[in-house]
Amino acid sequence: MATVSNNTSSTADAVLANLARTDTKSTSTAADTRIQFLTLLTTQLQNQDPMNPMENAELTSQLAQLSTVEGIEKLNTMMTQLINSQESAEGLQAAALVGRGVLVEGSGLQLTEAGAVGGFELDGPADNVTITIKNASGVEVASLEFTDMEAGSQNFLWDGTAKDGSIAAEGMYTVSVKAVQGDNTVVSRPLQFAAVTSVIRGSSGTDLQVGNLGVFKLDDIKQIL
């Protein structure tokens, strides 16, 4: 009686390896691979040497490998479905932001007849926060003081009043932030206000076009106003 050659065993191992690498989207291919494996295993059993039959442990090991690979495939499928669901929810969340004003990292401050909205972010609590506002020439126009601020993002409104009591001209200004807690400096950064104008879906996820400031991730949005 013919015996199973080493090539058949090697092929069975190769089929298992291929099954482990099978894309979860190729369901029919994965099913064909399982059929190939079972066919090879059946052939191996039918043609085994009766004087040297396959050990039970070896048979159990091969079946366990197939079961493990199928379990991994099912887990991959579940993870893919979960990721797709999360991406869909993220897309809906992003779409709801179109037309809304948000704060993102940036040093610009646009003054209009209604005033200017800005913000800042603190890595820790601060006893005192100073916002310095400068014009396009780098000349300080106004400053704002805040006390007992918590860590995180904060927003503020500037009504356009300059240091000398006059009303500053409408246009773009820049801001800088200085925060202290006792004698220690608190890490801080200015935030800029703009409206979300569109949603961009790409291979890396969902992005937001925020006015003319550029493209930002959802995680880059510090506040929604």
Side-chain angles (χ1 to χ4, degrees), residues 85-202 204-225:
S85 176
Q86 182 177 358
E87 288 179 347
S88 297
E90 187 179 74
L92 290 174
Q93 181 183 2
L97 290 177
V98 175
R100 297 288 300 275
V102 297
L103 289 175
V104 294
E105 193 166 335
S107 58
L109 184 67
Q110 182 71 46
L111 178 62
T112 68
E113 62 178 9
V117 177
F120 55 91
E121 186 175 35
L122 304 175
D123 285 359
D127 296 331
N128 184 267
V129 177
T130 301
I131 305 294
T132 302
I133 303 171
K134 296 181 180 181
N135 61 20
S137 300
V139 177
E140 182 178 336
V141 175
S143 64
L144 305 174
E145 297 284 340
F146 302 93
T147 58
D148 299 326
M149 303 303 296
E150 297 179 354
S153 60
Q154 314 289 342
N155 62 76
F156 64 83
L157 175 64
W158 178 43
D159 61 7
T161 301
K163 291 192 303 181
D164 60 5
S166 64
I167 300 299
E170 296 178 16
M172 181 62 72
Y173 294 79
T174 60
V175 298
S176 59
V177 185
K178 180 180 180 181
V180 295
Q181 175 76 355
D183 296 329
N184 300 317
T185 299
V186 177
V187 177
S188 58
R189 60 198 65 86
L191 303 178
Q192 189 166 349
F193 176 80
V196 176
T197 53
S198 64
V199 176
I200 304 170
R201 293 295 299 272
S204 60
T206 302
D207 299 329
L208 299 172
Q209 179 69 45
V210 182
N212 60 359
L213 301 184
V215 177
F216 294 84
K217 299 288 186 184
L218 276 173
D219 290 343
D220 295 330
I221 303 302
K222 305 300 182 180
Q223 275 195 22
I224 302 170
L225 302 178

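These numbers come from the heavy atoms of this one structure, side chains and all, not from hydrogens, waters or symmetry mates.
- Across all non-hydrogen atoms, the minimal contact from Phe193 to Gly101 is CE1-CA, 3.6 Å.
- Closest approach of Ala116 and Leu157 over heavy atoms only: O-CD1, 3.2 Å.
- The shortest heavy-atom contact between Val141 and Ala168 is CG1-CB, 4.1 Å.
- The CD atom of Glu170 sits 6.0 Å away from atom CG of Leu111, with the distance rounded to the nearest 0.5 Å.
- Looking only at distances, a side-chain donor or acceptor of Gln223 sits under 3.5 Å from a matching main-chain atom of Ser153.
- Panel note: side chain Gln181, backbone Asp127; a donor-acceptor pair is recorded below 3.5 Å.
- Here the straight-line distance linking atom OG1 of Thr174 with atom CD of Gln192 works out to 10.0 Å at 0.5 Å rounding.
- Interatomic distance, Lys163 NZ to Glu140 CD, rounded to the nearest 0.5 Å: 4.0 Å.
- Of the inter-residue distances, the one linking Lys178 atom NZ with Ser143 atom OG reads 12.0 Å to the nearest 0.5 angstrom.
- Side chain of Ser137 to main chain of Val139: no donor-acceptor pair is present (N/O by atom type, distance under 3.5 Å, no hydrogens or angles).
- Nearest heavy-atom pair, Ala126 versus Val186, reported as atom, atom and distance to 0.1 Å: CB-CG2, 4.2 Å.
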*Determine, step by step, whether Arg189 and Asp123 satisfy the side chain to side chain contact (heavy atoms under 4.5 Å, CB included) criterion, reporting the C-alpha distance in whole Å, the side-chain angles of both residues, the deciding distance to 0.1 Å, and the verdict.*
CA-CA 9 Å; Arg189 60 198 65 86; Asp123 285 359; 3.1 Å; yes

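- To the nearest 0.5 Å, atom CZ of residue Phe120 and atom CZ of residue Phe146 are 5.5 Å apart.
- Evaluated for a side chain to side chain contact (heavy atoms under 4.5 Å, CB included) with Asp207, the options Asp220, Val215, Leu218 yield exactly one hit, Val215.
- Of the candidates Val104, Val102, Thr197, Val104 is the only one forming a side chain to side chain contact (heavy atoms under 4.5 Å, CB included) with Leu213.
- For Glu113, the CD atom counts as loosely surrounded, since its 6.0 Å shell holds 12 or fewer non-hydrogen atoms of other residues, nucleotides or ligands.
- The local environment of CG in Asp164 is crowded, with over 12 non-hydrogen atoms from other residues, nucleotides or ligands closer than 6.0 Å.
- No donor-acceptor distance shorter than 3.5 angstrom exists from the side chain of Gln209 to the backbone of Ser198, with no hydrogens or angles considered.
- Heavy atoms only, all atoms of each residue included: Gln110 and Met172 are closest at OE1-CE, 3.1 Å.
- Nearest approach of Gly119 to Phe156, heavy atoms of both residues: N-CE2, 3.3 Å.
- The backbone N or O of Val180 lies less than 3.5 Å from no partner atom in the side chain of Asn128, so there is not a single donor-acceptor pair.
- Looking at heavy atoms from C-beta onward, Leu208 lies in side-chain contact with Val199 at the 4.5 angstrom threshold.
- Taking CG of Leu191 as the reference point, atom CD of Glu105 lies at 7.0 Å (rounded to 0.5 Å).
- Taking 4.5 Å as the limit, some side-chain heavy atom of Ile167 sits within range of a side-chain heavy atom of Thr161.
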